Amino acid sequence: MLWSDPPEEPPEELREVQAMLRRAGFVLAVGVVALFVILGLGLR
């Protein structure tokens with residue numbers, strides 16, 4: 001890669017999709033943990 005090459009930044013649409021997927025993954029992970037906690041407490 002040469003110093004004169006343009007920076008390899010993803011297009012705006014791709015950045016938005018990546019941010020949305022990160023948020024969806026975080027929400028899904030928190031939901032799964034909450035589900036296991038609820039199920040664990042419900043079995044006692």
Side-chain angles (χ1 to χ4, degrees):
M1 168 168 291
L2 299 174
W3 63 272
S4 60
D5 289 343
E8 291 187 25
E9 294 181 1
E12 184 64 32
E13 295 172 348
L14 183 58
R15 285 195 296 253
E16 290 176 6
V17 170
Q18 287 174 338
M20 186 177 64
L21 287 174
R22 274 195 299 270
R23 284 193 297 266
F26 178 75
V27 170
L28 184 63
V30 170
V32 168
V33 169
L35 179 66
F36 279 123
V37 169
I38 291 170
L39 288 175
L41 293 176
L43 294 177
R44 288 187 180 183

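All values below were derived from every heavy atom in this structure, side-chain atoms included, with hydrogens, water molecules and symmetry-related copies excluded. Just so we're clear, the structure is a prediction, and the values are computed from it rather than from any experiment.
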Undergrad: Check which hydrophobic residues are tied to Val30 through side-chain heavy-atom contacts below 4.5 Å, counting indirect links as well, and list them.
TA: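 Taking Ile, Leu, Val, Met, Phe, Trp and Tyr as members, Val30 shares its hydrophobic cluster with Phe26.
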Undergrad: State which residues pass side chain to side chain donor-acceptor pair (under 3.5 Å) with Glu13; sequence neighbours excluded, sorted by chain then number.
TA: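 If we apply the side chain to side chain donor-acceptor pair (under 3.5 Å) test to Glu13, skipping adjacent residues, there are no hits.
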Undergrad: If you group Ile, Leu, Val, Met, Phe, Trp and Tyr whenever their side-chain heavy atoms sit less than 4.5 Å apart, what else falls in with Leu21?
TA: Val17
Undergrad: Please list all pairs passing the side chain to side chain donor-acceptor pair (under 3.5 Å) test where one or both residues lie in residues 17-38, with sequence neighbours left out.
TA: none
Undergrad: Who else is in Ile38's hydrophobic cluster (ILVMFWY, side-chain heavy atoms under 4.5 Å, direct or via others)?
TA: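 Cluster partners of Ile38: none, it stands alone.
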